[in-house]
Amino acid sequence: YYVCAGDAEMNSLWFGWIEASHHIATLCAIWPMTLLSRRLGKRFVCLLAPAFLILGSLANFACFVPGMPWLLLIPRFLVAMGWAGLFVLVPSMIADIVDYDEQQTGTRREGMFGAVHFWVIKLALAFALLATGFIVEATGFNVDLGTNQPEGTMNNIILLLGLVPTIGAAVAGYCIYRYPLTEKTMYAIREELEQRRGVS
């Protein structure tokens, strides 16, 4: 509506390119992040993911330019890089937590940790889908008005696209920063667990 000036055909074309850029960026990010995590540690590389999310979210402020829909490829590409990092590294960090939990309790509970992890993701997605309609309506957007939205509506939407994910990513980054299980710690835990099990 905004960057394509209400042109439905142009909107469809660029929406397809923007969605494609998301998947291309995700595929491009997986290999380097996996390689870097082996060299620099999961925690360090996982901190890059919220950084990409923040950069991509803040890029929305500069990339919603009427008549220049190609600029929207930039924030989507950056955000996709961030999501790729989180979806690749967080599950492997949960595996480390399972080992740590076994060391502390003597019980292996990977099923419970995996179930809670995916339940939280599904809960977040369900809440996001539920809230989206209410949020868009609260900005003053009216689909019947096309590009002739009330003054300030698009600014409100862009503000939400920039600030809300930035705040969420900053909180995620802080949580990852406080994550205490380093590569050195995990190798020591793994060695101790293998000794307990009699595995050489």
Side-chain angles (χ1 to χ4, degrees), residues 19-59 74-132 161-200:
E19 287 297 310
S21 75
H22 179 95
H23 298 296
I24 292 167
T26 301
L27 290 172
C28 290
I30 290 173
W31 180 76
M33 287 207 172
T34 303
L35 185 65
L36 284 172
S37 70
R38 290 177 184 158
R39 294 189 177 181
L40 304 174
K42 297 174 191 173
R43 178 177 163 273
F44 176 81
V45 178
C46 203
L47 280 171
L48 295 176
F52 275 113
L53 290 172
I54 290 170
L55 286 173
S57 299
L58 293 177
I74 298 169
R76 196 57 182 270
F77 191 88
L78 291 169
V79 166
M81 297 279 281
W83 280 117
L86 291 176
F87 277 103
V88 168
L89 294 171
V90 168
S92 69
M93 292 167 81
I94 290 174
D96 292 341
I97 293 168
V98 170
D99 285 347
Y100 173 77
D101 181 60
E102 182 181 0
Q103 181 206 37
Q104 298 297 309
T105 65
T107 305
R108 189 88 182 163
R109 299 185 286 192
E110 59 262 78
M112 185 262 303
F113 282 103
V116 170
H117 171 63
F118 284 104
W119 180 83
V120 170
I121 289 175
K122 289 180 180 181
L123 179 66
L125 289 173
F127 177 76
L129 290 171
L130 176 67
T132 299
L161 284 172
L163 286 185
V164 174
T166 296
I167 293 168
V171 171
Y174 175 75
C175 292
I176 295 167
Y177 175 75
R178 295 294 304 270
Y179 180 75
L181 300 179
T182 63
E183 299 295 304
K184 184 178 180 180
T185 302
M186 289 317 304
Y187 281 125
I189 290 174
R190 169 58 60 182
E191 185 177 350
E192 180 182 331
L193 292 176
E194 288 178 350
Q195 287 176 354
R196 285 185 192 177
R197 298 171 188 148
V199 178
S200 57

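- Of the inter-residue distances, the one linking Gln104 atom CD with Ile97 atom CD1 reads 12.5 Å to the nearest 0.5 angstrom.
- Pairs engaging residues 109-120 under the salt bridge (Lys or Arg N to Asp or Glu O under 4.0 Å) rule: Asp101-Arg109, Arg108-Glu110 [sequence neighbours left out].
- Considering only heavy atoms from C-beta on, Leu36 stays 4.5 Å or farther from Trp31 through its side chain.
- Here the CD1 atom belonging to Ile30 is positioned 10.5 Å from the CG atom belonging to Leu89, to the nearest 0.5 angstrom.
- A 4.5 Å side-chain heavy-atom check between Ile24 and Leu27 finds every atom pair outside the cut-off.
- Here the CG atom belonging to Leu35 is positioned 5.0 Å from the CZ atom belonging to Arg39, to the nearest 0.5 angstrom.
- Minimum heavy-atom separation, Glu192 to Arg196: OE2-NH2, 2.8 Å.
- Within the structure, side-chain hydrogen bond (donor to acceptor under 3.5 Å, both in side chains) contacts touching residues 115-127 (residues at least two apart or in different chains) do not occur.
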Would you list the atom pairs, donor with acceptor, under 3.5 Å between side chains in residues 40-59 and any protein atom, with sequence neighbours excluded?
from, atom 1, to, atom 2, distance (Å)
Lys42, NZ, Ser92, O, 3.4
Lys42, NZ, Asp96, OD1, 3.3
Lys42, NZ, Asp96, OD2, 3.0
Arg43, NE, Tyr177, O, 3.2
Arg43, NE, Tyr179, O, 3.1
Arg43, NH2, Tyr177, O, 2.7
Ser57, OG, Leu53, O, 2.8

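- You'll find the side chain of Thr107 stays beyond 4.5 Å of the side chain of Glu102, heavy atoms only.
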Stepwise side chain to side chain contact (heavy atoms under 4.5 Å, CB included) test for Val116 and Ile94: CA-CA 11 Å; Val116 170; Ile94 290 174; over 6 Å; no
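- With rounding to the nearest 0.5 angstrom, the CZ atom of Arg190 is 11.5 Å from the CD atom of Gln103.
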Evaluation steps, side chain to side chain donor-acceptor pair (under 3.5 Å), between Thr185 and Thr182: CA-CA 5 Å; Thr185 302; Thr182 63; 2.9 Å; yes
